[in-house]
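What follows is a single structure, written as structure tokens, with notes after it.
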Amino acid sequence: MAGEKPTPIFRNEADLARMPASDRIRYRLIGANCRYHANDNIADYVEDGELDELRAEVEEQMEGVLRALVIDTEGDHNTNDTAKRVAKMFLTEVFKGRYTAAPMVTEFPNVTRLNELMIVGPIKVRSACSHHLCPILGKVWIGLLPNEHSNLIGLSKYVRICDWIMSRPQIQEEAVTMLAEELQERVKPDGLAIVMEADHFCMHWRGVKDDESMMTNSVMRGAFLKNPSLRREFLSLLVKKA
Ligand SMILES: [Zn+2]
């Protein structure tokens, strides 16, 4: 009727249960006004058992992609289970950083009041580009200048946090910023520096087929921005470690 406001779409539990899991999760994300870009983590909106439902959905759609590529997945023993393998790989391996909660990390108060430059790395990076879903393989170095109020975390925990952020379709510049934000929040250092150097396979496999496809970028925060000698010290130590 003219002038009448459209009824907001509200779905009750029974409606939601009948929807594919991806639509159900999307419904919750939109309701919560939560962004769900390729490199966002959506674990808070995925309920128990839904990851398996997503896996089945992706498998079915992937089978459709192979069909559209005119590949005989029934006759060809090599591609019989490809859709299943790809779905599992996306959801539980290479993109698992979208669907799993942040790693549990115990933070310790800085009792000995460490305030010297600390470098962690190189940490192995395994990611994929959001544009082509091609692998990105590389290394990350983290520089930290703690203060007496900083929370320290174990060395292996940097690896787990890094892996959680990188195991998503990413854009290198956004990946380093996301990692910086996560570490700033947890460690609260006076200074934070991150350098990532990575090889983008979409540059080898397709497009220009350029073998010089290493990309390096960095984020500098706090003391690393204000103090050029600290920045130089960090960068010079990386050269020696690489
Ligand atoms: Zn790409």
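- A distance of 12.0 Å separates CG in Leu29 from OH in Tyr27, rounded to the nearest 0.5 Å.
- Note that the CD1 atom of Ile136 and the NE2 atom of His200 stand 4.5 Å from one another [nearest 0.5 Å].
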| How far apart are the C-alpha atoms of Arg232 and Ser236, what are their side-chain angles, what is the distance that settles it, and do they pass the side-chain contact (heavy atoms from CB on, under 4.5 Å) test? | CA-CA 6 Å; Arg232 265 197 306 276; Ser236 70; 6.0 Å; no
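- No donor-acceptor pair closer than 3.5 Å links the side chain of Thr92 to the backbone N or O of Met89.
- Nearest heavy atoms, Cys129 versus His132: SG-N, 3.1 Å.
- A distance-only check finds no donor-acceptor pair linking the side chain of Tyr45 to the backbone of Ala32 [under 3.5 Å].
- A donor atom on one side chain and an acceptor atom on the other are not found under 3.5 Å apart for Gln170 and Ser127.
- Put simply, Val86 and Leu69 are part of the same group of oily side chains (I, L, V, M, F, W, Y) that touch within less than 4.5 Å, one to the next.
- Taking hydrophobic clusters as Ile, Leu, Val, Met, Phe, Trp and Tyr residues chained together by side-chain heavy-atom distances below 4.5 Å, Leu155 shares a cluster with Met166.
- At least one side-chain heavy atom of Pro169 sits less than 4.5 Å from a side-chain heavy atom of Leu133.
- Minimum interatomic distance between Val219 and Ala180 (heavy atoms only, all atoms of both residues): CG1-CB, 3.9 Å.
- Residues Ile165 and Ile171 do not share a hydrophobic cluster, clusters being chains of Ile/Leu/Val/Met/Phe/Trp/Tyr side chains in contact below 4.5 Å.
- Under the 3.5 Å distance criterion, the side-chain polar atoms of Arg55 are left unmatched by any main-chain donor or acceptor of Leu51.
- Counting heavy atoms from C-beta outward, Met215 and Glu173 have side chains that approach closer than 4.5 Å.
- A side-chain donor-acceptor contact under 3.5 Å links Asn151 to the backbone of Arg186.
- Between the side chain of Ser150 and the backbone N or O of Lys188 there is at least one donor-acceptor pair closer than 3.5 Å.
- Here the shortest heavy-atom pairing between Asp72 and Thr79 reads O-OG1, 3.9 Å.
- Contact annotation: the side chain of Met118 never approaches that of Leu145 to less than 4.5 Å [non-hydrogen atoms, C-beta and beyond].
- Take Asp163 and apply the salt bridge (charged side-chain N to carboxylate O under 4.0 Å, His left out) test, not counting sequence neighbours, and it matches Lys96.
- For the pair Arg24 and Glu53, the salt-bridge criterion is met [side-chain N within less than 4.0 Å of a carboxylate O].
- Under 4.0 Å is where a charged nitrogen must lie from a carboxylate oxygen, and between Glu59 and Arg85 no such pair does.
- Going from atom CZ of Arg11 over to atom CZ of Arg18 covers 10.0 Å, rounded to the nearest 0.5 Å.
- Contacts of Asp81 classified as salt bridge (charged side-chain N to carboxylate O under 4.0 Å, His left out), with partners at least two apart in sequence or in another chain: none.
- To the nearest 0.5 Å, atom OH of residue Tyr99 and atom OG of residue Ser167 are 12.0 Å apart.
- Hydrophobic clustering (side-chain heavy atoms under 4.5 Å, transitive across Ile, Leu, Val, Met, Phe, Trp, Tyr) groups Val94 together with Tyr36.
- Contact of the Ile153 side chain with the Thr106 side chain is not registered, since no non-hydrogen atoms from C-beta on lie closer than 4.5 Å.
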| request: Show the numbers, then the answer: is there a side-chain contact (heavy atoms from CB on, under 4.5 Å) between Leu54 and Ser22? | output: CA-CA 6 Å; Leu54 285 183; Ser22 62; 3.8 Å; yes
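- Not a single donor-acceptor pair under 3.5 Å links the side chain of Glu74 to the backbone N or O of Asn80.
- Around CZ of Arg231, the count of heavy atoms belonging to other residues, nucleotides or ligands within 6.0 Å exceeds 12.
- Between the CG atom in Asp199 and the CE atom in Met214 there is a gap of 5.5 Å [rounded to 0.5 Å].
- When every heavy atom of Glu116 is checked against every heavy atom of Pro146, the shortest pair comes out as O-CD, 3.4 Å.
- For the residue pair Cys134 and Trp205, the shortest heavy atom distance occurs at SG-CE3, 3.4 Å.
- With hydrophobic clusters built from ILVMFWY side chains whose heavy atoms lie under 4.5 angstrom apart, Val195 shares a cluster with Leu225.
- Between the side chain of Asn41 and the main chain of Thr100, a donor-acceptor pair closer than 3.5 Å is present.
- At distances below 3.5 Å, at least one donor-acceptor pair connects side-chain atoms of Asp40 with backbone N or O atoms of His37.
- Using cut-offs of 30° and 60° for the angle between ring planes, the Phe95 and Phe90 rings count as parallel.
- In this structure, Gln172 contributes its side chain and Met196 its backbone to a donor-acceptor pair below 3.5 Å.
- Counting only heavy atoms from C-beta outward, the side chains of Thr73 and Thr82 never approach each other to under 4.5 Å.
- A distance-only check finds no donor-acceptor pair linking the side chain of Gln61 to the backbone of Val58 [under 3.5 Å].
- Between Leu237 and Trp141, the closest side-chain pair of non-hydrogen atoms is not below 4.5 Å.
- Considering only heavy atoms from C-beta on, Asn39 comes within 4.5 Å of Met178 through its side chain.
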| task | Could you walk me through whether Tyr158 and Leu183 pass side-chain contact (heavy atoms from CB on, under 4.5 Å), step by step? | result | CA-CA 8 Å; Tyr158 291 95; Leu183 292 174; 3.9 Å; yes
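- Atom-to-atom distance recorded for Ile142:CD1 and Cys162:SG is 6.0 Å, nearest 0.5 angstrom.
- The minimum heavy-atom distance between Pro189 and Leu144, with the atom names listed, is CG-CD2, 3.8 Å.
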| Pair Glu50-Arg28, salt bridge (Lys or Arg N to Asp or Glu O under 4.0 Å): steps then yes or no | CA-CA 13 Å; Glu50 287 182 340; Arg28 291 181 202 126; 2.8 Å; yes
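- We find that Arg221 and Glu181 are joined by a salt bridge, their nearest charged nitrogen and carboxylate oxygen being less than 4.0 Å apart.
- Note on Arg168 versus Glu174: no salt bridge recorded, every NZ/NE/NH1/NH2 to OD/OE distance being 4.0 Å or above.
- Using a 4.5 Å heavy-atom threshold, the side chains of Arg26 and Ile30 count as touching.
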